[in-house]
Amino acid sequence: MNWTSFDTWIVVVGALCAVACALPGCFLVLRKMSMMGDAISHAVLPGLAIAFLITGTRASVPMFFGAAIAGVLTALFTQWIARFGNVDRGAAMGIVFTTLFAIGLILIRQAADKVDLDPGCVLYGALEMTPLDTVGSTDIPRAAIVNGGALLANLAIICVLFKEFRLSAFDGALADTLGYSSQFLHYLLMTMVAVTTVAAFESVGSIIVISMLIVPPATALLLTRKLPAMLMIASLAAAGSAVIGHIGALVVPAWFGMDATTTSGMIALAAGVLFTLAWLFSPTEGIVVKRFRRGKVEIEDRVSPAI
Amino acid sequence: MPDWEDIIEVVLLQNYNTRLVVLSTTLLGIAAGLIGSFLLLRKRSLMGDALSHATLPGVAIAFAVMVSLGGTGKALPGLLLGATLSGVAGLFTMLLIRNTTRLRDDVAMGFVLSVFFGIGVASLQMVQSLPGASAAGLESFIYGKTASMVQSDFHLIAVVAGVASLISILFLKEFLLLCFDDAYASAQGWPTFFLDVLLLGLVTAVTVIGLQAVGLILIIAFLITPATAARFWTQRLLPMMLLSAGIGGISGWLGASISALTPDLPAGAVIVLVAAALFLLSMLFAPPRGVIPRLMRQYRLRRKVDRQHFLRAAYEILEDSQSGDVVSNSPFSFAHLRAKRTWSLRKLRHILKIAKREDHLEAADPGMLRLSEAGYGEAARVTRNHRLWETYLIHYADIAPSHVDRDADLVEHILGPELVHELEDFLKQDSISTPVPPSPHPTSNENSPS
């Protein structure tokens, strides 16, 4: 393995992005809306296409706003269909994002003569290329700034509104009766998810986003029942996946005699491995631990059968 | 614009290639519509999303295996087998997470979707570099290649869609039970886990054949949108399934035809949009559960309640202002009426306007109101019903006279005339001989809260 400063930057960008996603992801998981990240990541396509058709460039600022607006609209439409149509939220989400994605595909096809904007590049991204695009004359990649900014913003919002988020995540009705609008918090969370998703997209691709929104929070949920601890563990798991994933991307392909593979895919895989470890060995929830405990109870029963 | 001959050619399926595409998407729409109904009722609509992403590692691994065995690696049966196996692996991971942890369905789906897709992308990238084989175009597996469909694709789709539809109809009763009350189903001794696996296995089968034919997004939309649209039209499972299959089929047929007529529109996207348009129409206009009919029903009920409140208030004013058993129609003041209930000035004016339009009010001096003959009769009837309900509730439901006004108000606007006749029998009253019984409680302002 040949570690360079490039690899360090890839890991740093990946970790920043992963933690930025894992923080709002905790609340998505608690609110049973884990699939929102996947929905938003598909639904931003028309936003990108319209931004391109209006401005005529692939400049990142209009694209960013187009995508962020499309992401928030996904959450909004989902909420409307679920509420007014009395439809299951998963189904509403599915209808909204497939429709938006279809609109995006058609728009892109119309603009295809003028631009190479293929859906694949939106979905995959290229984490390996981020160190090449640096800020000014420094070594710091632009993606590190963007994702670091998203991370700081999410962290600030969650710290300031921690109490309110906690309340509305566990008991939206109580939050409403106490005067904290859970509607407002819902849309704030959705905006955070949309903006984080889009910020990460451009640099690292949607696979990292979707997996980091769900898997580290799910891992944390298996290890603790306290929200602050959950946020902490999820962040650690997310950053850990980035490190392990990149090392995996360098090491694993050699086992099969192949060249390097995509870091983003391996980061998702690393997150899955961490989840599996927690699933097996969590002190409270782990399968192995539960099995062991049940065995112990049975032995105790046999040792002292008559009380 | 396509001219008339082109349209006829597409509609009559004269062109060979168009015929394949249109028939395939229609069949897929029907099969996915049927199975999607169960997914929707089981609140697992996004399962198709998760499973379709979960097929990717299987595609890459199948490719690698076939190449190492010396093939080109792009044989369709092999790739489909790999996709199915890895879809099933994803399915079992999902069920395992759900059954052994306290994480819910949505987390299980999200986990499988993202981790399997990550593995898929990573392994696709790896197999790109295999010597002696080009993996280019494997990605198109997940985006579909509707336009370049061949006969064998069509046969595959027809067989799988037919078998999946047949199974979902054969197991209708079991799936129905599973969807509405799985705890009851397992208490009755049905193998719910097996049924769950069978249902999701059907989803996997439809997803896999749909994926390579029409693409990821379309198959997700096919599993969700027609079923959700059909749900607005009916409360019963069988009509809903048939409707859902119909909507899926129509979307597939119409979308593929439109796409065949216009050069620049990808079929998958057009089909999704047709299905979404049908969904929107159903959501807005379907009589049983659509948004607009529901709002209209609510508006009509509100108006009826307002009218009955107004008439009863008028009758009680007449009653209070006259002594003796017989209440006769005479003018009363607007101020008096307004003090009777807690309604806003604007609302009261609105109610009076409607009452005039319905000929319940006659012209009177300024500041005064007078019921018409019809209005007076209706007022007596409404008041009588209200008092019958009050009497019934006091005698048979043990409700205190001071509270009975509000409770009667809750039922009287909704229950129909047949119930009033039953009520009359109950209370042993002849509907002709007693015009309006006296109120069982005082009717002055402070005692009539509603």
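- Proximity to chain A (any heavy atom under 4.5 Å) is shown, for B/Leu295, by neither the backbone nor the side chain.
- The choice from B/Leu39, B/Ile224, B/Thr93 that makes the most heavy-atom pairs within less than 4.5 Å of chain A is B/Ile224.
- When A/Ile208, A/Ile81, A/Val29 are compared by the number of non-hydrogen pairs under 4.5 Å with chain B, A/Ile81 comes out ahead.
- A side-chain donor-acceptor contact under 3.5 Å links B/Arg102 to the backbone of A/Leu221.
- Distance check, rounded to the nearest 0.5 Å: CD1 of B/Ile220 to NE2 of A/His42 gives 6.0 Å.
- Residues B/Leu273 and A/Ile106 are in side-chain contact: their nearest non-hydrogen atoms beyond the backbone lie under 4.5 Å apart.
- No part of B/Arg231 comes within reach of chain A, as not one of its non-hydrogen atoms sits under 4.5 angstrom from that chain.
- Here the side chains of A/Phe275 and B/Leu103 are in contact, with some heavy-atom distance below 4.5 Å.
- Here CG of B/Leu280 is found 9.0 Å from OG1 of A/Thr99. Values are rounded to the nearest 0.5 Å.
- Distance check: B/Thr101 OG1 to A/Trp279 CH2 gives 7.5 Å after rounding to the nearest 0.5 Å.
- Between A/Ile207 and B/Ser114 the shortest side-chain heavy-atom distance does not fall below 4.5 Å.
- For chain A, the nearby part of B/Phe279 is the side chain; its heavy atoms alone come within less than 4.5 Å.
- Considering every non-hydrogen atom in both A/Ala268 and B/Gly118, the closest pair reads CB-CA, 3.8 Å.
- Neither the backbone nor the side chain of A/Met212 has a heavy atom closer than 4.5 Å to any heavy atom of chain B.
- Using a 4.5 Å cut-off between heavy atoms, B/Leu46 touches chain A through backbone and side chain atoms alike.
- Interface remark: B/Leu41 contributes no atoms to any contact with chain A (heavy atom separation under 4.5 Å).
- There is no contact between A/Leu213 and chain B, counting heavy-atom distances below 4.5 Å.
- A distance of 7.5 Å separates OG1 of A/Thr219 from CZ of B/Phe111, quoted to the nearest 0.5 Å.
- B/Thr228 touches chain A through its side chain: at least one heavy atom from C-beta onward sits under 4.5 Å away, while N, CA, C and O do not.
- When heavy atoms are compared at a cutoff of 4.5 Å, A/Ile210 approaches chain B by way of both its backbone and its side chain.
- For chain A, the nearby parts of B/Met109 are the backbone and the side chain; heavy atoms of each come within less than 4.5 Å.
- The part of B/Phe232 that comes within reach of chain A is its side chain, from C-beta onward, which places non-hydrogen atoms under 4.5 angstrom from that chain.
- Only the side chain of B/Leu113 comes within less than 4.5 Å of a heavy atom in chain A; its backbone stays farther off.
- Exactly one of A/Leu100, A/Thr98, A/Ile103 qualifies for a side chain to side chain contact (heavy atoms under 4.5 Å, CB included) with B/Val272. That residue is A/Thr98.
- Applying the 6.0 Å contact sphere to CZ of B/Arg289 captures more than 12 heavy atoms from other residues, nucleotides or ligands.
- Residues B/Met283 and A/Val87 fail the side-chain proximity criterion, which asks for heavy atoms closer than 4.5 Å.
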